[in-house]
Amino acid sequence: MAERYDVVVAGAGSAGATAAYFLARGGLKVALLDMKPREGVGDKVCGDAIDVRHFDRVGLPHPTGPEVEGKFHGVKVFAPNERDSIIVEGEGYALNRYHFGQRLLSMAEQAGAEFFGEHHAFEPLVEGSDVVGVKVRDLRGKRVFEIRSSVVIDATGATATLRSKLPEGWWISYRVPKEDLIAAYRGEIEVEEVPERERGYAVIYLNVEIAPGGYWWSFHKGGNSINLGLGVQAIPGNPNPRRVYEEVLEPRYRVSRRLHVGGGVVPTRRTVPCMAWNGFLAIGDAICAANPIHGGGIGPSMLGAKAASEAILEASERDDFSMAGLWGYHKRYHELYGAKQAGLDVLRLYLQRLTNDDLDFIISSGVVSGRDIYDIGTKGRLASDIVRRVSSGLKLLRRPSVLRQLVRVKEYMDRAVELYSNFPDSPEGFERWYAEERAFFNEVQEWMKGI
Ligand SMILES: Cc1cc2nc3c(=O)[nH]c(=O)nc-3n(C[C@H](O)[C@H](O)[C@H](O)COP(=O)(O)OP(=O)(O)OC[C@H]3O[C@@H](n4cnc5c(N)ncnc54)[C@H](O)[C@@H]3O)c2cc1C
């Protein structure tokens, strides 16, 4: 290992490996570290579902061969009554996470990144107000040493090991509140028979009694295999997802083989407010890049890697890796995903307050169509005519309060998208923007408390 790199990437998950690939391809000297051994990279507890469109947006080849275990024709969202559902058409892959992760790693290495497995990046190296490298523990030799670099990327996932250890007063060290995390548990299992309604689809079941603040899912992976799991909002009083998985979900199926079971955490919110510092960037789950509604984070982690790499390559042309030099990462990411994500976060906060009766009503009344959900997922906004459509029909007469709430949610979603689309062009504008952001989300949450 060299003593100095242009970029050290901590974490070789979908975010880190993708960033290492783009940066090495751009001619930079890159070290990619992971605490797992090489053969463990990609071994991630996940639902394994990804929208095919992400690959074109990131500019990576689509998965093929052993990376793909199945294909989805869309997502079905079931109401708690399990009779009514909405179908959102759109192609998706059921990935083999391990083979996919290994492919990203080999792409990074073939582009010239140096990979170091079983290397734990445990602390950022800080000098004054700059990050100048990382402290690393070689887990085999137990040796502790420093690696210096122009830029450090935290791609360590939801723990954000490096970002969270930066000095508290730095904007980037924002601590994510527990209520913005989803605790999840899932099994990759073979069942005697995949129910007809789940075949070929990623199926989401809304039910606040089984999965409060989240949902439970069954994603058909082809043949008789499913990825079965649930996520619950990580707040006191909510059930342990593992217990619910074992006592409620698995018994619904006749399991013939358990391939793997395990749990994990997904942040489901808008991004942390600041994602770049002097000599430092964070990507993927480390900045809460996953979709706030369904927790899909593979695609956004790769989009973030692309945005961060472009910002670093541009900074390297100017030889300016200061916060100002790297600041363009925000704009790039918010254009690709972050602004939409902020809109979806408003919707997430609203959905987390609904009861099973509300959800049954919304899905059974047809107030929201599959096309609406597709549009919400693409733009982070409710269609502008949704309010007119529902109010001109009789559908909401049974629940006029839902109409009033939807009108307000739509307004708030639009404002959130605008806010993040107008992220400041330079660090000078950040404090003002952030004060506005905090005031806005406080207003949203105050309103929601009164629902
Ligand atoms: C149960 C569950 C189901 C999910 N289902 C889906 C789904 O169906 N579709 C979807 O798109 N997303 C899903 N997600 C979310 C998705 O898995 C994540 O958003 C995505 O993997 C984030 O990628 P990442 O690279 O940021 O982090 P990770 O995939 O967590 O990768 C982080 C990497 O960093 C390494 N690392 C951590 N700390 C250190 C350190 N200090 N030093 C060195 N290396 C370190 C880890 O070993 C790991 O390899 C799910 C998540 C969970 C938990």
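Ligands are counted one by one from 1 in listed order, and the atoms in each one are counted from 1 as well.
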Run the side-chain donor-acceptor check on residues 221-236: report pairs under 3.5 Å with partners two or more places apart or on a different chain.
from: Lys221; atom 1: NZ; to: Asp48; atom 2: OD2; distance (Å): 2.6
from: Lys221; atom 1: NZ; to: Glu69; atom 2: OE1; distance (Å): 3.0
from: Lys221; atom 1: NZ; to: Leu95; atom 2: O; distance (Å): 2.9
from: Lys221; atom 1: NZ; to: Glu188; atom 2: OE1; distance (Å): 3.2
from: Asn224; atom 1: ND2; to: Val191; atom 2: O; distance (Å): 3.4
from: Asn224; atom 1: ND2; to: Glu192; atom 2: O; distance (Å): 3.3
from: Asn227; atom 1: OD1; to: Trp217; atom 2: NE1; distance (Å): 2.8
from: Asn227; atom 1: ND2; to: Cys46; atom 2: O; distance (Å): 2.8
from: Asn227; atom 1: ND2; to: Gly47; atom 2: O; distance (Å): 3.4
from: Asn227; atom 1: ND2; to: Asp48; atom 2: OD2; distance (Å): 3.1
from: Gln233; atom 1: NE2; to: Glu179; atom 2: O; distance (Å): 2.9
from: Gln233; atom 1: NE2; to: Gln352; atom 2: OE1; distance (Å): 3.3

Pair Glu82, Tyr205: side-chain N/O donor-acceptor within cut-off below 3.5 Å: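 Checked: Glu82/Tyr205 side chains show no N/O donor-acceptor pair below 3.5 Å.
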Donor + acceptor pair across side chains of Arg252, Ser218 (<3.5 Å):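 There is no such pair between these side chains.
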His119/Met35 under side chain to side chain contact (heavy atoms under 4.5 Å, CB included): CA gap, chis, key distance, verdict: CA-CA 5 Å; His119 278 67; Met35 52 190 195; over 6 Å; no
Atom pairs and distances, ligand 1 N/O vs protein N/O under 3.5 Å:
from: ligand 1; atom 1: 5 (N); to: Gly47; atom 2: N; distance (Å): 2.7
from: ligand 1; atom 1: 8 (O); to: Asp48; atom 2: N; distance (Å): 3.2
from: ligand 1; atom 1: 8 (O); to: Ala49; atom 2: N; distance (Å): 3.1
from: ligand 1; atom 1: 9 (N); to: Ala49; atom 2: O; distance (Å): 2.8
from: ligand 1; atom 1: 11 (O); to: Ala49; atom 2: O; distance (Å): 3.4
from: ligand 1; atom 1: 11 (O); to: Gly297; atom 2: N; distance (Å): 3.0
from: ligand 1; atom 1: 11 (O); to: Ile298; atom 2: N; distance (Å): 3.0
from: ligand 1; atom 1: 12 (N); to: Gly297; atom 2: N; distance (Å): 2.9
from: ligand 1; atom 1: 17 (O); to: Arg97; atom 2: NH2; distance (Å): 3.3
from: ligand 1; atom 1: 19 (O); to: Asp285; atom 2: OD1; distance (Å): 2.7
from: ligand 1; atom 1: 19 (O); to: Asp285; atom 2: OD2; distance (Å): 3.3
from: ligand 1; atom 1: 21 (O); to: Arg97; atom 2: NH2; distance (Å): 2.7
from: ligand 1; atom 1: 23 (O); to: Ser14; atom 2: OG; distance (Å): 3.2
from: ligand 1; atom 1: 25 (O); to: Ser14; atom 2: N; distance (Å): 3.2
from: ligand 1; atom 1: 25 (O); to: Ala15; atom 2: N; distance (Å): 3.0
from: ligand 1; atom 1: 26 (O); to: Asp285; atom 2: N; distance (Å): 2.9
from: ligand 1; atom 1: 30 (O); to: Lys44; atom 2: NZ; distance (Å): 3.0
from: ligand 1; atom 1: 41 (N); to: His120; atom 2: NE2; distance (Å): 3.3
from: ligand 1; atom 1: 41 (N); to: Ala121; atom 2: O; distance (Å): 2.9
from: ligand 1; atom 1: 42 (N); to: Ala121; atom 2: N; distance (Å): 3.0
from: ligand 1; atom 1: 44 (N); to: Met35; atom 2: N; distance (Å): 3.2
from: ligand 1; atom 1: 47 (O); to: Asp34; atom 2: OD1; distance (Å): 2.7
from: ligand 1; atom 1: 49 (O); to: Asp34; atom 2: OD1; distance (Å): 3.4
from: ligand 1; atom 1: 49 (O); to: Asp34; atom 2: OD2; distance (Å): 2.6

I'd like a table of donor-acceptor pairs (distance under 3.5 Å, sequence neighbours excluded) in which one partner is a side-chain atom from residues 166-173, with atom names and distances.
from: Trp171; atom 1: NE1; to: Glu431; atom 2: OE2; distance (Å): 3.3
from: Ser173; atom 1: OG; to: Pro167; atom 2: O; distance (Å): 3.1
from: Ser173; atom 1: OG; to: Glu168; atom 2: O; distance (Å): 3.1
from: Ser173; atom 1: OG; to: Trp170; atom 2: O; distance (Å): 2.9

Contacts of Arg38 that satisfy side chain to side chain donor-acceptor pair (under 3.5 Å) - sequence neighbours left out: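 Arg38: side chain to side chain donor-acceptor pair (under 3.5 Å) contacts with Glu109.
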